[in-house]
Enquirer: 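Pasting a structure here, questions to come.
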Amino acid sequence: MKYAYYPGCSYHTSGKEYEASTRVVAKNLGLELVEIPDWSCCGATAAHGKSHLLNVALPARNLALAEEMGLDVTTPCASCYQQLAYANKCMIEDKKLKEKVNQVTGKTYNGTLKVKSIVEVIGSIAPEYIKAQIVKPLKGLKIAAYYGCLLVRPPKVTNFDDAENPMFLDNIMRLAGAETLDWPHKTECCGGSLAVSNLDIVVKMLNRIIKAAVECGANCFVVACPLCHFNLDMHQKSCNKMLGTSYTIPVFYFTQLLGLAMGLNQQDLQLGSHFTDTQKVLSMVG
Amino acid sequence: MEPINVNQSISKNADFIEQVGIESGQPVHKCYQCGKCTAGCPVAFAMDYPPNQVIRMVQLGLKEELLRCNSIWLCATCSTCTTRCPCNIEIAHVMEVLRVMAGRSGTTPPGKAKNVELFYDSFLNTVEKYGRMFEVGTILQYNLKSKKPFNNADLGLPMFQKGKLKLGPSKVKNANEVARIFAEARRMEGGGK
Ligand code: SF4
Ligand code: SF4
């Protein structure tokens with residue numbers, strides 16, 4: 001399968017492990033990701049505060065570029081995914097808006113593409129095929145699969161299995177031989193970019209999520225979003241500092257753990273650049 | 001909130017009520033105050049008016065109160081409310097429309113909300129300039145505007161050490177095309193900030 005690939009602005013900074021592990025895992029699963037040439041910011045997390053037109057036009061430029069390639073779009077970032085999928089839906093459903101947006105971007109998007117998250121793309125590969133690639137099953141891991149908001153909500157845009165109790169990440173991790181937990185905060189919001197301006201609010205949101213996972217017996221989180229990762233991983237320390245907790249639970253991208261189970265090079269998966277120590281948990285897998 | 005005369009407010013701000021309906025496309029009048037949106041809202045504890053009250057205030061035309069409340073800025077756009085509303089009101093989208101309206105009217109967000117707007121502005125300024133969001137540029141600008149020069153500084157060093165900070169922006173070749181999007185959107189929507 002071949003997709004137009006949208007890395008998203010965090011691809012070489014806060015989300016670099018996700019980008020790197022997505023690329024190697026995709027390659028080894030026979031997916032071809034062709035980067036959208038000269039892609040630009042989709043406006044996620046900020047443009048909705050300013051203008052609806054801008055909020056649709058920023059992703060639309062990238063959809064137009066992808067349409068020239070004739071390929072459906074995929075992206076690892078949950079935030080970019082939501083933004084691209086939302087713009088796509090708005091433009092397909094509202095012809096007038098589509099024309100207006102095309103006028104703003106100076107490019108023509110006809111609304112012929114599908115936008116899929118990389119989780120959806122990997123999740124739709126035949127389970128037997130993925131299973132056959134697993135050489136190092138993730139024994140001992142008790143995973144809290146954390147979906148957050150943007151992958152699963154609103155269901156009108158995202159179209160995943162279940163907005164309240166999604167299973168698609170759990171399913172991939174189970175194929176990789178891990179145990180995933182039934183826990184109540186799978187889709188609770190981590191606060192996203194509110195962490196920059198109001199960390200005192202966000203640590204309280206994080207505390208609820210981390211506490212629930214730890215109490216259910218999780219020894220790590222699995223996520224599919226650079227923002228969720230940043231908040232849970234980097235701000236776990238802020239949470240400890242500001243609320244007096246003492247959490248040390250590592251946070252992995254699902255592609256990192258899938259790659260590990262597939263026996264891919266650990267350096268390529270960038271398992272060592274997390275803020276919360278990953279070694280103890282990784283040594284369980286051996 | 002001060003006591004209000006509901007009839008007066010509804011007739012005085014009929015245009016506003018209609019405008020929120022048009023811009024959001026949401027049947028706000030259908031809300032019967034079940035409170036489900038607020039029950040699931042992860043930020044409600046920090047808001048001055050929780051989501052169900054925001055919707056009620058739209059029904060009542062409480063324009064000034066809405067445009068200067070912190071709820072519309074603290075809303076994390078997680079869409080939990082939208083997903084659960086039994087009347088299919090996309091509350092998150094109503095929040096968004098109110099945010100944009102507040103910006104257009106030049107209302108300064110109160111207290112904690114002020115910094116949310118400053119962050120959005122700083123973020124979008126780097127996008128307008130480079131075509132992609134530039135994290136360091138966004139944070140420096142944000143710190144300067146929020147007058148907290150060392151805000152988020154304790155994140156900087158560990159991020160740099162982990163190779164997660166780039167000091168220069170990743171630029172789009174045709175960054176002018178992105179700048180054009182900003183200019184055109186502004187022109188079509190008639191000014192604004
Ligand atoms: S969930 Fe819907 S109907 Fe219930 S209070 Fe909120 S907006 Fe009103
Ligand atoms: S979208 Fe906003 S108002 Fe709705 S539940 Fe999330 S934070 Fe609360």
Side-chain angles (χ1 to χ4, degrees), chain A residues 9-16 37-41 43-55 57-58 60-61 100 103-107 148-150 152-157 163-164 187-194 196-201 204-205 208 234 237-238 273-275, chain B residues 23 42-43 45-46 73-74 76-80 82-83 90 92 96-97 99-100 103 112 115-121 123-124 126-127 130-135 138-139 142 146 151-152 155 158-159 162-166 170 172-175 177-178 180-182 184-186 188-189 192-193:
Chain A
C9 295
S10 69
Y11 76 108
H12 69 158
T13 53
S14 53
K16 73 188 180 84
D38 209 37
W39 58 272
S40 50
C41 175
T45 88
H48 60 71
K50 281 281 129 185
S51 136
H52 185 59
L53 194 53
L54 185 67
N55 197 33
L58 285 173
R61 176 179 182 272
K100 213 167 151 188
Q103 226 177 309
V104 170
T105 59
K107 295 201 180 300
C149 321
L150 300 167
V152 291
R153 280 193 303 266
K156 252 194 190 162
V157 176
E164 299 287 353
T187 61
E188 193 79 17
C189 174
C190 74
S193 68
L194 200 60
V196 180
S197 58
N198 288 277
L199 189 57
D200 57 328
I201 296 177
K204 289 185 185 146
M205 298 166 81
R208 286 199 287 239
M234 172 91 198
K237 233 196 265 155
S238 314
S273 51
H274 297 234
F275 293 104
Chain B
E23 284 195 35
V43 199
F45 72 90
W73 297 99
L74 295 183
T77 62
C78 75
S79 292
T80 307
T82 296
T83 307
E90 297 182 10
E96 179 184 324
V97 164
R99 212 157 40 233
V100 172
K112 289 173 162 308
N115 286 346
V116 180
E117 192 191 32
L118 290 179
F119 170 70
Y120 291 162
D121 286 344
F123 181 112
L124 292 173
T126 70
V127 177
Y130 306 114
R132 287 183 193 153
M133 195 269 288
F134 171 36
E135 287 169 348
T138 300
I139 296 299
Y142 168 77
S146 61
N151 205 3
N152 300 301
L155 303 186
M159 283 195 67
K162 300 274 182 194
K164 291 186 173 182
L165 265 192
K166 293 276 182 290
S170 149
V172 171
K173 210 161 64 239
N174 295 310
E177 291 183 10
V178 180
R180 172 209 151 102
I181 293 178
F182 279 83
E184 279 296 294
R186 254 183 225 121
M188 280 187 171
E189 289 185 328
K193 278 197 269 183

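For the numbers below, each heavy atom of this structure counts, side chains included, while hydrogens, waters and symmetry mates do not. Chain letters run A, B, ... following the sequence lines, proteins first and then strands; every chain starts at 1.
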Enquirer: Measure the CD-CG distance between B/Glu189 and A/Leu54 for me, rounded to the nearest 0.5 Å.
Expert: 8.0 Å
Enquirer: Checking B/Leu118 against chain A: side chain, backbone, both or neither under 4.5 Å from a heavy atom?
Expert: neither
Enquirer: Look at A/Leu58, A/Thr187, A/Asn55 and state which one has the largest set of heavy-atom pairs under 4.5 Å with chain B.
Expert: A/Leu58
Enquirer: According to side chain to side chain donor-acceptor pair (under 3.5 Å), who are the partners of A/Thr105, at least two apart in sequence or on a separate chain?
Expert: none
Enquirer: Looking at A/Asn198 and B/Leu74, would you say the former's side chain and the latter's main chain have a donor-acceptor pair under 3.5 Å?
Expert: no
Enquirer: For chain B, find which of A/Gly192, A/Ala163, A/Pro154 contributes the most heavy-atom pairs closer than 4.5 angstrom.
Expert: A/Pro154
Enquirer: Looking only at non-hydrogen atoms, find the nearest pair between B/Ala76 and A/Gly191 and report the distance.
Expert: CB-O, 4.3 Å
Enquirer: What distance separates A/Arg153 CZ from B/Thr77 OG1, expressed to the nearest 0.5 Å?
Expert: 10.0 Å
Enquirer: Between A/Leu194 and chain B, which part of the residue has a heavy atom less than 4.5 Å away: side chain, backbone, both or neither?
Expert: side chain
Enquirer: Let's test your reading of the structure: which of B/Thr82, B/Val178, B/Leu124 forms the most heavy-atom pairs below 4.5 Å with chain A?
Expert: B/Leu124
Enquirer: Does B/Glu23 reach the side chain of A/His52, with side-chain heavy atoms less than 4.5 Å apart?
Expert: no
Enquirer: Measure A/Lys204 against the heavy atoms of chain B and call it side chain, backbone, both or neither at under 4.5 Å.
Expert: side chain
Enquirer: Going by the rule salt bridge (charged side-chain N to carboxylate O under 4.0 Å, His left out), which residues pair with B/Lys112 if we only count those two or more places apart in sequence or in a different chain?
Expert: A/Asp200
Enquirer: Report which part of A/Ala57 has an atom under 4.5 Å of a heavy atom belonging to chain B: side chain, backbone, both, or neither.
Expert: both
Enquirer: A/Arg208 and B/Pro42: which non-hydrogen atoms are nearest, and at how many Å?
Expert: NH2-O, 2.8 Å
Enquirer: Name the region of A/Gln103, side chain, backbone, both or neither, that has any atom closer than 4.5 Å to a heavy atom of chain B.
Expert: both
Enquirer: With a 4.5 angstrom heavy-atom cut-off, which part of A/Leu150 approaches chain B: side chain, backbone, both or neither?
Expert: side chain
Enquirer: Identify which part of B/Phe182 has an atom lying under 4.5 Å from any heavy atom of chain A, answering side chain, backbone, both or neither.
Expert: both
Enquirer: State the OG-CD distance between A/Ser51 and B/Glu96, to the nearest 0.5 angstrom.
Expert: 9.0 Å
Enquirer: So, do B/Thr83 and A/Pro155 sit near enough that their side-chain heavy atoms are less than 4.5 Å apart?
Expert: yes
Enquirer: What option among B/Ser79, B/Ala92, B/Ala175 has the most heavy-atom pairs under 4.5 Å with chain A?
Expert: B/Ser79
Enquirer: Using modelled atom types and a 3.5 Å cut-off, is there a donor and acceptor pairing between side-chain atoms of A/Arg61 and backbone atoms of B/Ile181?
Expert: no
